[in-house]
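Input: a single structure, listed below in structure tokens.
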Amino acid sequence: MQTFDQQFLALRKQYIEAQFGRLNPMQKQAVFHTNGPLLILAGAGSGKTTVLVNRIANLIRFGSAYNSTWLPRPATADDCAALQSALQGGPLAPGLEPMLRDGAVRPWNVLAITFTNKAAGELKERLARMLGETMGADVNASTFHSACVRILRREADRLGYPSSFTIYDSDDQQRAMKQVYKDLEIDEKFLPLKNCLGSIGRLKDQMVSPADALEAGADSRADLVARVYEAYQNKLKSAGAMDFDDLIYNTVRLLEEVEECRRYYRDRFRYILVDEYQDTSVAQFRLVYLLGCAHNNVCVVGDDDQSIYRFRGATIENILSFEQHFPGAQVIRLEQNYRSTSNILDAANCVIRNNRGRKGKTLWTENGAGAQVHHYEADSEADEAQHVAAVIGKNLREGAALRDHAVLYRMNAQSGPLETYFARSGIPYKIIGGQRFYDRKEVKDMLSYFALTANGQDDLRLRRIINEPARKIGAATVDKVAAIAAARGMSMLDVAGQAASFAELGRSAQPLAKFYGIIQQLRDLLQSGDLGEFAAQALDVTGYRAMLESQGEEGQARLENLGQLVSSMRTYADQKGEEATLSGFLEEVALISDIDNYDENADRVVLMTMHAAKGLEFPYVFILGLEEGIFPSELSRYSDEDLEEERRLCYVGITRAKKELWLCSSRSRLIFGQTRRNCPSRFLEEIDPNLLDEQGGRTPAWGGGWGQRTAQPSAGAPSWGAAPARPAPGRTARPAAWGAATAGRPAAAPRAAAAQKPAARCVYAPGDRVEHKVWGKGTIRKVTPMAGDMLLEIQFDAAGLRKTMANYTPITKIE
DNA sequence: ACTAGCCACTTTTTT
DNA sequence: AGTGGCTAGT
């Protein structure tokens, strides 16, 4: 009888292991670790998401059975035979399930914190696939901010907030701060507003209250900031609003101060997992600790080399001292990289090893060496963009998909030239970041109406829209209303509601009452109709539609944006069904970031900052602007700490690439309205030259330089030419179709002149029918040879007449 | 109260 | 370079 137990246990182990695919020994350890604190140091591309998902799935399905010898009852020969057959691919007998578990965890007792909403969604999706729809849905997976909002909505009254509190974004923060500056008579020149908001944010990240800050006040600036902090906080409180930092700060305070809550949520979240732990703040650590220190089942995953959010309060300390905070923590390192070629990985290692104070780890891979890392030195930002477009065009013709390409840069402002060239070449692209849809003025105005409908205390949102569209309520009137509200402890909306009873409002009372009537009407609409209907009606009730309709073309465009807002409200209402609330929608809007909407299945080139690219991977990656003053950024150049953060950012950027990586720098760059000449980035110099394939006119010793491109009519297609190309030392022959973008290279020019015959597949003639990825089918009208390329004028059936360069355009000939 | 025109400022990175 | 906020004029 004992013998069957032994046999069954061995089979059970095999069976459980088989459920999680191929794992290396370290990954296996992490997945089957169940109780107690765990720190996973996971290098880039080491399969940590898979580990995370599998670890949760194992907890829920098998508990600690993998490492345990416990059985609910003695095993029989039949049990062994049944499990054996399941192992060989047969179905699992239902009676066996209990025999495979030891203390399985219920899904709703698991809290998984990810960095983006998108990552949370993907985690749940993968869990649903492994465990079944309901089980997957029951796991709590969200960002810190979303998790906190959910808690705060339930418990808001304990902190003196309405449960429909408004979430302020950075624009709202600035407006609120402007008011505070006015009240306290502070000059913005004396204490820059954004600067001050930043300082207050850092204080909140460290759980410093206004009172603490007032007490600490190290110098006169800190003292002033503390006073502003206090006033700002009061302003938000009376508006029933929280900013992003408050969401975390207030949740921590709630758990610290209210024992009942602490007990409830500790019991609720018995297993906690935190991804991207290197980017957590002190406040976020406190939250994890408050929830996790009792049951001690805290698993964090991070990589100190990928810490890139120190600027917004993240401390690398959290990772470095995890073992002190959670005694007995097991530490597992995942150092095998499954993502990149060894050339790419080596380049990343070259860069990051220049940082001091690392936990220290070396990524390695069994993937092949792959192509060299390309470095292209451009003449200008336009040349850089053109080169990117040309390489993408070439890759497309060789069968790559648009979505395989990502273009990464340091600042959003760098996307401009790329847009120009991509649009010109008809390369479909998607920009992540920059101005969000919900940040557009008209959208924010409409959202302010919604917020005021949900939360009448929100004076800030009221100020924004009380005279938008114009209602003859001027600044003077608004100030009077604010004064009355302050004196009587009322909200501005309520003052407007009783405007007639305040003599000092005089003739303004009427428009004020009318405004109040509009909000009343919105409230009624909200009560009676569904959310989608409410949103649609709101456009009319507020007079916003009428205003835009009178504004011609631009108003029309804005109206379309509002149409989009209405339809996103409809979508939300349909998705949530009964649970849909206005506050819920507003919250989603406030917390959703651009990257959350990124759809990797849409076939487009994606453009974003390296920050936004964290956690993503692409076969082909371009990193632009590797110049001193751009990357590393001007502002980081004089502080070693900031420089190291830039270097980590570079490491993150490089390790996004799977197959090929292009690093670009430019000798001159037009940015912020100024042309600047920058040296190549130190990060480029740090990479072993043997790993690099140099392109672009690095040393224009002869014949190089500007104007070359147009001066060499058939500079393209050199390697099709008669002369077998002998690559210049330190360079690799570049593929033919890169055409004009690389024509300025000294080595290319003489050979190019000899090369004449373009490849047959590239010949287009007027009358040819072609198909374009975006513009659809069309007929070629005119062909003008140009710099080894051809300028095509194509009459598209649907998209009209377009001019485009043949080599940069995703077109194919059709019959 | 509204409009036009001017000036200043922005730009690191984001939930 | 472009945008947004502010002032002065109507």
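Numbers restart at 1 for each chain; the letters A, B, ... are given by sequence-line order, proteins then strands. Computed from a prediction, not measured in an experiment: that's the story for all the values here.
- Listed by chain and number, the residues in a salt bridge (Lys or Arg N to Asp or Glu O under 4.0 Å) with A/K178 amount to none (sequence neighbours excluded).
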Using atom names, set out every protein N or O paired with an N or O of nucleotides 8-10 of chain C below 3.5 Å, distance rounded to 0.1 Å.
none

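- Residue ring and nucleobase are not stacked for A/Y309 and B/dT13 under a centre distance beneath 5.5 angstrom and an angle between planes beneath 30°.
- Of the candidates B/dT15, B/dC2, B/dT14, the closest approach to any side-chain atom of A/T609 belongs to B/dT14.
- For A/S307, the side-chain contact (heavy atoms from CB on, under 4.5 Å) partners two or more places apart in sequence, or in a different chain, are A/Q278, A/D279, A/I316, A/R648.
- Annotation: side-chain hydrogen bond (donor to acceptor under 3.5 Å, both in side chains) contacts of A/R286 (sequence neighbours excluded): A/E256.
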Between the protein and nucleotides 8-10 of chain B, list the N/O to N/O atom pairs that are separated by less than 3.5 angstrom.
none

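- Taking A/R558 as the reference, A/E442, A/E554 meet the salt bridge (Lys or Arg N to Asp or Glu O under 4.0 Å) condition, with sequence neighbours excluded.
- The side chain of A/F311 approaches B/dT13 more closely than any other nucleotide in the set B/dT15, B/dC2, B/dT13.
- Every ring-ring contact (aromatic ring centres under 6.0 Å, His included) that A/F422 has, sequence neighbours left out, goes to A/Y429.
- Pairs engaging residues 407-417 of chain A under the salt bridge (Lys or Arg N to Asp or Glu O under 4.0 Å) rule: A/R410-A/E646 [sequence neighbours left out].
- Of the side-chain N and O atoms in A/N412, one or more sit less than 4.0 angstrom from OP1 or OP2 of B/dT13.
- Side-chain atoms of A/T477 lie closest to B/dA1 of the nucleotides B/dT13, B/dA1, B/dT15.
- In this structure A/E641 satisfies the side-chain hydrogen bond (donor to acceptor under 3.5 Å, both in side chains) test together with A/R310, sequence neighbours excluded.
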